[in-house]
**Q** 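I'd like to ask some things about the structure below.
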Protein chains: 2
Amino acid sequence: MSAEAATTGEAWEDVTPDAARRLVIAAVQAFAERGYHATTTRDIAGRAGMSPAALYIHYKTKEELLYQISRVGHQRSLAMLGEARDTAGSAADRLAAAVRAFVRWHAEHHTTGRVVQYELGALAPDHYTEIVGLRRQTEDAIRTIIADGVAAGEFDVPEVNGTTLAVLSLCIDVARWFNPAGRRTPDEVGALYADLVLRMVGAPREP
Amino acid sequence: MSAEAATTGEAWEDVTPDAARRLVIAAVQAFAERGYHATTTRDIAGRAGMSPAALYIHYKTKEELLYQISRVGHQRSLAMLGEARDTAGSAADRLAAAVRAFVRWHAEHHTTGRVVQYELGALAPDHYTEIVGLRRQTEDAIRTIIADGVAAGEFDVPEVNGTTLAVLSLCIDVARWFNPAGRRTPDEVGALYADLVLRMVGAPREP
DNA sequence: TGGGCGGGTGAGCAAGCGCTTAGCGACCCG
DNA sequence: CGGGTCGCTAAGCGCTTGCTCACCCGCCCA
């Protein structure tokens, strides 16, 4: 297994049996590289070291694989942001923590992130609807923190909704451009982005 | 032709003959809705009101259609940002103008923008290389303005390269989420984003 | 010992894909 | 009037796709 596969795998430890986990990891990598529609079931099975037919023992369809990936990924995002929203501390601290965690995750797991954030259009209609619901909840988590900051007089933003969208947009897009071979580590990008976001909301920062 | 087709069409006025233009417009809409790989040549031809074979009179392959769209779109982006970089005025003015124009374009032509920004992975290797070159130039334009601002003492940024990436990322992602049926007009999003970006670079703004 | 069962394979089917080819009508020019 | 050209179509070719099916192997417990 390549180093890339190892990092992709870390996020899927609890998928069993082993063959099913190998298939998710293979699917994440293939979907991230080529996109859902350009990926063949033969490619996924091949990466997992199995014959094409073996895929259908563990998953009903190719779309179900995408759905599992998308669902788990969105739930993790939501858990991360929800936690940041609900901890004690100033709005600035909570916003910085949320952005740091969210960005770090999208950098570290940029293959998974790419699939989660950019391939949801390939989901079946009912799955798509469910995922959109999760996305609205993650949006709400960020909006709540920003609104809290405004209410407390900590933040000064031109428009809460638009700023929320911009913050999320900024974080999500990390999955698209992040390159593990580049100069920046996930931690560094997280710190940089947390700083940029605090500037965006007009929060006073330590010098 | 729908209202959507009309706005998509505005960007392709100079493609001739008429049938070729109808094909690009149809391709932009189809690629934006479903993605390149999920779009069939039959779908494109159908939207343009022609038989599947007619497509190949005007374009050698389906990929060539994507290449034309991608090339023209990137050239327009580059022209826009290059102009903003080269006009007179403070760095803050130039950065705000660049962001405003770039965001406005990605909102107004969000279908084209979606294809230009998110489908380049489907390009043939040599076309991909060419487009990546154009993208580096657009990145350079933004970086130059930010570096100018830092040199002039107008801006205070944690890191020029990372901030450049973040600014571009923010603007590009507008094409993904912008919804013309939503509450915000392209002008409003442009103004909001220009403000947010000035905050990010620590530029003093009029109150 | 043996039979069921979970996990796997090789071969292949029906459908849909990108693209080609033979031919057709409208038009322009000598 | 006649022939070449341009834009287009109907039909279909060769191939790949997602997915299925008949069969197989190793393991566990009666």
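Naming convention: chains lettered A, B, ... in sequence-line order (proteins, then strands); numbering from 1 in each chain.
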**Q** On DNA chain C, which is the earliest and which the latest nucleotide, 5' to 3', with an atom closer than 4.0 Å to a heavy atom of chain A?
**A** dG8(C) to dG12(C)
**Q** If you apply the rule salt bridge (charged side-chain N to carboxylate O under 4.0 Å, His left out), what do you find for Arg94(A) with Asp148(A), and how did you get there?
**A** CA-CA 10 Å; Arg94(A) 289 184 291 143; Asp148(A) 284 355; 3.2 Å; yes
**Q** Show the distances under 3.5 angstrom between N or O atoms of the protein and N or O atoms of nucleotides 3-7 of chain D.
**A**
none

**Q** Determine which pairs satisfy ring-ring contact (aromatic ring centres under 6.0 Å, His included) with at least one residue from residues 112-151 of chain B, sequence neighbours left out, and list them in order.
**A** Tyr118(A)-Tyr118(B), Tyr67(B)-His127(B)
**Q** Sort and list the pairs that fulfil ring-ring contact (aromatic ring centres under 6.0 Å, His included) and have at least one residue in residues 13-49 of chain B, not counting sequence neighbours.
**A**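 Listed by first then second residue: Phe31(B)-Tyr36(B).
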**Q** Taking atom CZ of Arg34(A) and atom OG1 of Thr40(A), what is their separation to the nearest 0.5 Å?
**A**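 Reported to 0.5 Å precision, the distance equals 7.5 Å.
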**Q** For Glu83(A), look at atom CD and say whether over 12 heavy atoms of other residues, nucleotides or ligands are found less than 6.0 Å away.
**A** no
**Q** Dump the intermediate steps for salt bridge (charged side-chain N to carboxylate O under 4.0 Å, His left out) on Arg71(B) and Glu64(B), then the final yes or no.
**A** CA-CA 10 Å; Arg71(B) 198 174 46 80; Glu64(B) 198 191 294; over 6 Å; no
**Q** Could you give the distance from CD1 (Ile142(B)) to CZ (Arg85(B)), rounded to the nearest 0.5 Å?
**A** 10.0 Å
**Q** Please determine whether salt bridge (charged side-chain N to carboxylate O under 4.0 Å, His left out) holds for the pair Arg22(B) and Asp18(B), giving the CA-CA distance in whole Å, both sets of side-chain angles, and the decisive distance to 0.1 Å.
**A** CA-CA 6 Å; Arg22(B) 268 156 47 217; Asp18(B) 177 71; 2.9 Å; yes
**Q** Only pairs at least two apart or in different chains count here, so list each side-chain hydrogen bond (donor to acceptor under 3.5 Å, both in side chains) that has a residue in residues 189-203 of chain B.
**A**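 Residue pairs with at least one partner in residues 189-203 of chain B: Asp195(B)-Arg205(B).
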**Q** Reading nucleotides 17-24 of chain D 5' to 3', which nucleotides get B (base under 4.0 Å from a protein heavy atom), which S (sugar-phosphate only), which -?
**A** BBBBB---
**Q** Test Asn161(B) against Arg183(A) for side chain to side chain contact (heavy atoms under 4.5 Å, CB included), laying out the working first.
**A** CA-CA 11 Å; Asn161(B) 279 325; Arg183(A) 286 187 309 280; 3.9 Å; yes
